[in-house]
2 protein chains.
Amino acid sequence: MEHDKISKPQHSLRVTKQRKAIFAVLQGDTSHPTAEEVYLRVREQLPHISLATVYRNLKLLARQGLIREITTGDGPHRYDFQTHEHAHFHCDRCNRVYDVELDFSTRLRHELLRRGFRVRTHDLVFRGLCPACQSLSPSD
Amino acid sequence: MEHDKISKPQHSLRVTKQRKAIFAVLQGDTSHPTAEEVYLRVREQLPHISLATVYRNLKLLARQGLIREITTGDGPHRYDFQTHEHAHFHCDRCNRVYDVELDFSTRLRHELLRRGFRVRTHDLVFRGLCPACQSLSPSD
DNA sequence: ATATTTGCAAACGCTTTGCAAAATT
DNA sequence: AATTTTGCAAAGCGTTTGCAAATAT
């Protein structure tokens, strides 16, 4: 107990039906759902799951690097099954989040390293109007 | 809330002492303060200002493009007097936010445009350990 | 057998809001 | 005079947490 910090066991993730279901929902949903949206979809399979469990697992899975947490800067976090290098576009109008396949970080991470920063993750989020919303009248 | 910017009339910004003080604090503080921190500093000048007024004005000034709102993805928003193109680094350990002068968006914005997106803003936030925190033992 | 995980409810941190009074234009 | 802005308190949203029971290892 005097060596708490170093001797803590490594949180071995257990395979629960809730965890599996959450992961599965995300795997089959490319819309970058929020925790609430994941909850609603998981409930179709597990009607008694609690929202807290969804939040807990999304955080956990993200920390493990199995999924990706997206911070849009407006509203709730979004979750992405895709963990590979890519950016996002968040539409001001419809709130949809689009994947943007851009390879930009290799060079930039390198620059950060040169400046002495140890980069763990990064988020590149563009905001504006998506193609669909540009073709609508400004009022509706 | 979203359609404010397109449907509301010209919001002619009035020059109040609160607004001036908030802007001035930000101008003289390169630490990327939170709304709460701005509040505490403004209170030295205007002891009766309310936190709500600070929040309101920071949002307003950011919407006008006079200051920049930074979303770190963890904790409160930060505010930056610097509005020119640059990225940020948010330290996992000390929570400091560093400016990172990187020129990356011209090319990327161009790519987004080609894909039909109209980009209004973007945010690039790196996370990890800053130089100062790397030289400390993991426990303290 | 032990550690983790769950559901529930309550609390949390940050931010926004309704209102009447005050200040700016 | 008209409109915006303020301070206050209350509510809001998204998220986290303490707990005892249930479950996975």
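Just so it is clear, the values below take in all heavy atoms, side chains as well, and ignore hydrogens, waters and symmetry mates. The sequence lines fix the lettering, A, B, ..., with proteins before strands; numbering per chain opens at 1.
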**Message:** Does this structure show an ion pair linking A:Glu111 with A:Arg115, if we count only N-O contacts that are shorter than 4.0 Å?
**Reply:** yes
**Asked** Over how many whole Å does the gap from B:Ile22 atom CD1 to D:dT6 atom C1' extend?
**Response** 11 Å
**Prompt:** Any Lys/Arg nitrogen of B:Asp123 or A:Arg127 sitting under 4.0 Å from an Asp/Glu carboxylate oxygen of the other?
**Reply:** yes
**Asked** With respect to the phosphate group of D:dT5, does any side-chain polar atom (N or O) of B:Thr53 fall under 4.0 Å of OP1 or OP2?
**Response** no
**Prompt:** Hey, is the side chain of A:Thr16 poking within less than 4.0 Å of OP1 or OP2 on C:dT6, counting only N and O atoms?
**Reply:** yes
**Request:** Examine D:dT6: is either OP1 or OP2 under 4.0 Å from a nitrogen or oxygen in the side chain of B:Arg19? Give yes or no.
**Result:** yes
**Prompt:** Atom NE2 of A:His77 and atom P of D:dT15: how far apart are they, to the nearest Å?
**Reply:** 6 Å
**Asked** Quick one: on DNA chain D, does B:Ile49 or B:Arg14 contact a more 5' nucleotide (nearest heavy atom)?
**Response** B:Arg14
**Prompt:** Taking atom P of D:dA11 as reference, at what distance in whole Å does atom CG of B:Leu51 sit?
**Reply:** 18 Å
**Prompt:** Given atom NZ of A:Lys20 and atom P of D:dT23, what is their separation to the nearest angstrom?
**Reply:** 14 Å
**Message:** Using whole Å, what does the distance between atom C1' of nucleotide D:dT16 and atom CZ of A:Arg56 come to?
**Reply:** 9 Å
**Item:** N or O in side chain of A:Gln18 less than 4.0 angstrom from C:dG7 OP1/OP2
**Value:** yes
**Request:** Would you kindly give the CG-to-C1' distance between B:Leu60 and C:dT15, to the nearest whole Å?
**Result:** 15 Å
**Asked** Judged by modelled atom types alone, do A:Asn95 and A:His90 share a side-chain donor-acceptor pair under 3.5 Å?
**Response** yes
**Fill in**
Result for 5'-nearest mapping on DNA chain C, choosing between A:Asn57 and B:Ala52, is A:Asn57
**Message:** Expressed as a whole number of angstroms, how long is the span from B:Tyr55:OH to C:dG18:P?
**Reply:** 18 Å
**N/O donor-acceptor pair under 3.5 Å between B:Gln134 side chain and B:Leu129 backbone** = yes
**Item:** Any B:Lys59 side-chain N or O less than 4.0 Å from OP1/OP2 of C:dT16
**Value:** yes
**Prompt:** Taking NZ from B:Lys17 and P from C:dA23, how many angstroms apart are they, rounded to a whole number?
**Reply:** 6 Å
**Request:** Tell me yes or no: between the side chains of B:Asp99 and B:His32, is some donor less than 3.5 Å from an acceptor?
**Result:** yes
